[in-house]
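Residue numbering restarts at 1 for every chain, and letters A, B, ... go by the order of the sequence lines. Since we're looking at a predicted model, the values are computed, not measured.
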Amino acid sequence: MGVFVLSVEGRLLDMGALKEIPAVGTVQGLAFSSTEGREVYRHSASHILAHAVKELFPQAKLAIGPAIEDGFYYDFDIDRPFSPEDLAAIEKKMAEIIKKNSPFTRREISKKEALEMFGKMGEIYKMELIEALPDETVSLYEENGFTDLCRGPHVPGTGRIKAVKLLSVAGAYWRGDEKRKMLQRIYGTAFDSKEDLKKYLEFLEEVKKRDHRKLGRELDLFSINEEIGAGLILWHPNGALIRKTIEDFWRGEHLKTGYKLIFSPHMAKLDLWRRSGHWDFYRENMYSPMEVEGVEYEIKPMNCPFHIEVYKSSLRSYRELPIRYAELGTVYRFERSGVLHGLLRVRGFTQDDAHIFAREDQIEDEVQRILDFTLFVLNTFGFYNYDIYLSTRPEKYVGSDENWERATNALRLALEKKGLKYAVDPGEGVFYGPKIDIKVKDSLGRAWQCSTIQVDFNNPERFDVTYRGSDGQEHRPIMIHRALMGSLERFFGILIEHYAGAFPLWLAPAQVDVLTIAERHAEFALKVAEALRAEGIRAETNLENEKINYKIRISAMRKTPYSVIIGDKEVSEEGSALSIRKRSGETVGPLSISGFIELLKDEINSRR
RNA sequence: GCCGGGGUAGCUCAGUGGCAGAGCAGCUGAUUCGUAAUCAGCAGGUCGUGGGUUCAACCCCCAUCCCCGGCUCCA
């Protein structure tokens, strides 16, 4: 597909500007295949959307309409909400505009003129945007009588848009400010060909199929119950088994890697949270205190203060450092009802938390160790691609500039020594220290924030945490807060979608379903299942009076990795040649019972 | 919290100001079967909850809880 926008020394320009470009620098044509090209393309589509809406709903006021990751949106201020039927009508109007193939033409006018022009049209949001612009002139783009304020560039003409689809309507605050008016936002997407659009829509279907809330019910993994409360998870036996397996793995690996496991209570005196600073900095996420014999207690939103108190329970020497405390600590945070989402955003969750107390000279090395450990754990769950971010000092912060500098450098060096690619997220650190965030990419290429490694200057100070140095003096250790999976709830939700519910053998709640062909095979089937269970394999039987096709279907829908079929043949051969079927439909074997057990154990141990 | 859409059987979903429906799942019976759904019967509901309008409300109105898509926020 051809190019439709120019890149001149990194600046994007309309194709029409070609003749005006002075003969300096390199000129490059961009197509849909480039990120910038895609953005321009979809931004043009959003103009066409605005045009269509203005034709159908002249009273609608225009706000903004940028390109986003997978498409575009446009915000409108309109007295009535858009219905699905409206979307269909708008889409039809857009098709007409595209068919006309009117050229996008650029024009520059003074700010004053622009204000006057949009003022006459009653476009108050555009006026607000113009007023905020720094330059004296602003640019406008026009196609077929529709003019919009826009920096540009655009595709040459509306006919350049090959495939467009409106997806949804949602409320959105003007300028993202919840104190300002809520506008109606229309989301859509555009592609360079009908086939690519179709592929994207199929991707959306796949996302829907993998929705962990849907699979969670179908596979009987977990539930959320109105009687109990929003954002509070019930782990059903199948989900609990998976969680237990994850926890066992997690604890085992932590012990191997030099962590000490601890447990801490779910509540503590409010004074503790005052001292930690949470009551000042984090109160909006905390629940109201409860009174116990005249003293206020608070349910915990974090585990850190407890870990600090364990550290402080005795005098620490520099020889002991680093001290690493790990805990699967369940915390409760207030989240506004509208943000709750299945397992991914809840009010009670278990962090795979750890706090490391280290000397300053140990930070870089320790962070490297944590990075190794994190990637190992993520790999185990089938995540091999990551986006890594280094977040630096925010506007509001505690600690000295010098400390921040040193800690940020330590994080950066650790990343570089590991040869890990990362992006800097300026000003996105926590108030108490810089951090590294790792987002994993799942099997559909979606990024999820899980792991975080945070340096903390604040708490050692507030709690007066010390160690005795080789000089016999008291020193302040640095605290590193880290989570690998983030929270078990969220991680589980991500895993469900990542595997589409088909968990690898080591995690699968039922590993083998033993299925009988007729009732006379039940006795032998039970013997086979028992032999598997004796070896620690999670085997279940289906002895129902149903056809084998039915039982295979049920087993496959439960996504049990293996089923074993027991009929006359297997019984007469006494299990020397089991008929084994994978959930994918592939057959394995025939294998003897012991051969099958060996195969299963090998697969479980390698966590494939 | 805000905007919009919802809540009907365990699940997925029809439905109407005048007797509450289907498929799947469940139970019972028949069938005894070789790699993704055997047949028949039965049972299953305070129509999210609380008020109101009406001779009559699952349906209309108000409030409330919860869910969904977003916004803001975030593990």
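For A:R553 and A:Y550, the positive end is not near the middle of the six-membered ring at less than 6.0 Å and at most 45° from its axis. Under a cutoff of 6.0 Å and an axis angle of 45°, A:K300 and A:F306 form a cation-pi pair.
Separation of the A:F281 and A:Y432 ring centroids does not fall under the 6.0 Å cut-off. Two rings, from A:Y187 and A:Y73, have their centers less than 6.0 Å apart.
If you check every strand for non-hydrogen atoms under 4.0 Å, A:R180 touches nothing. Base engagement by A:A556 is indicated by at least one non-hydrogen atom pair under 4.0 Å involving a base atom. Across all strands shown, A:I548 has heavy atoms under 4.0 Å from sugar-phosphate atoms exclusively, and none from any base. Nucleic acid contact class of A:R345 (heavy atoms, under 4.0 Å, all strands): base. Within the 4.0 angstrom heavy-atom criterion, only backbone atoms of the sugar-phosphate kind lie near A:Q184; the bases stay farther away. Nucleic acid contact class of A:E570 (heavy atoms, under 4.0 Å, all strands): base. Heavy atoms of A:K569 sit under 4.0 angstrom from at least one base atom. Using a 4.0 Å heavy-atom criterion, one finds that A:Q449 contacts the sugar-phosphate atoms exclusively. Among the atoms of the strands shown, base atoms are found under 4.0 Å from some heavy atom of A:D568. Contact annotation for A:F491: no contact, since no heavy-atom pair falls under 4.0 Å across all strands.
Candidate nucleotides B:U12, B:C74, B:C33 were compared by shortest atom distance to the side chain of A:R217, and B:U12 ranks first. Comparing B:A75, B:A36, B:U72 against the side chain of A:Y173 picks out B:U72 as the nearest. Picking from B:G69, B:C33, B:G70 the nucleotide with the shortest atom distance to the side chain of A:Y187 gives B:G70. Closest to the side chain of A:M182, from the set B:G34, B:C68, B:C71, is B:C71. Checking B:A75, B:C66, B:C71 against the side-chain heavy atoms of A:A172 singles out B:C71 as nearest. When the nucleotides B:C71, B:U35, B:A75 are ranked by their closest atom to the side chain of A:I552, B:U35 comes out on top. Looking at the side chain of A:N549, the nearest of the listed nucleotides B:G34, B:C68, B:A36 is B:A36.
Between the side chains of A:S563 and A:D513, no donor-acceptor pair of N or O atoms lies under 3.5 Å.
Only the P atoms considered, B:G18 is 16 Å distant from B:C61, to the nearest whole Å. Separation of the P atoms belonging to B:G50 and B:C65 is 15 Å when rounded to the nearest angstrom. Between B:G15 and B:G48, the distance separating the two P atoms is 15 Å to the nearest Å.
Across all strands shown, B:U53 forms no Watson-Crick or G-U wobble pair with both distances under 3.5 Å. Of all nucleotides present, none satisfies the Watson-Crick or G-U wobble test against B:U46 with each distance under 3.5 Å. When Watson-Crick and G-U wobble pairs are counted only if both distances are under 3.5 Å, B:G1 pairs with B:C71. For B:G10, the paired base is B:C24 (Watson-Crick or G-U wobble, both distances below 3.5 Å). For B:A30, the paired base is B:U38 (Watson-Crick or G-U wobble, both distances below 3.5 Å).
Relative orientation of the A:F492 and A:F503 rings is parallel, given thresholds of 30° and 60° on the angle between their planes. In this pair, A:Y200 and A:F191 present their aromatic rings tilted. The plane angle is within the 30 to 60° band. Relative ring orientation between A:H47 and A:H43 is described as perpendicular, the plane-to-plane angle rising above 60° on a 0-90° scale split at 30° and 60°.
By the 5.5 angstrom centroid cut-off and the 30-degree plane limit, A:Y550 is classified as not stacked against the base of B:A36.
Comment: A:R558 does not engage A:E218 in a salt bridge, judged by the lack of any side-chain N to carboxylate O separation of less than 4.0 angstrom.
The base of B:A37 sits with one of its N or O atoms less than 3.5 Å from a complementary donor or acceptor on the side chain of A:R553.
Checking A:G176 against A:S168, the closest nucleotide of RNA chain B that is more toward the 5' end is the one next to A:S168.
Of the residues in residues 326-339 of chain A, those with a non-hydrogen atom less than 4.0 angstrom from any atom of RNA chain B are A:R333, A:E335, A:R336, A:S337, A:G338, A:V339.
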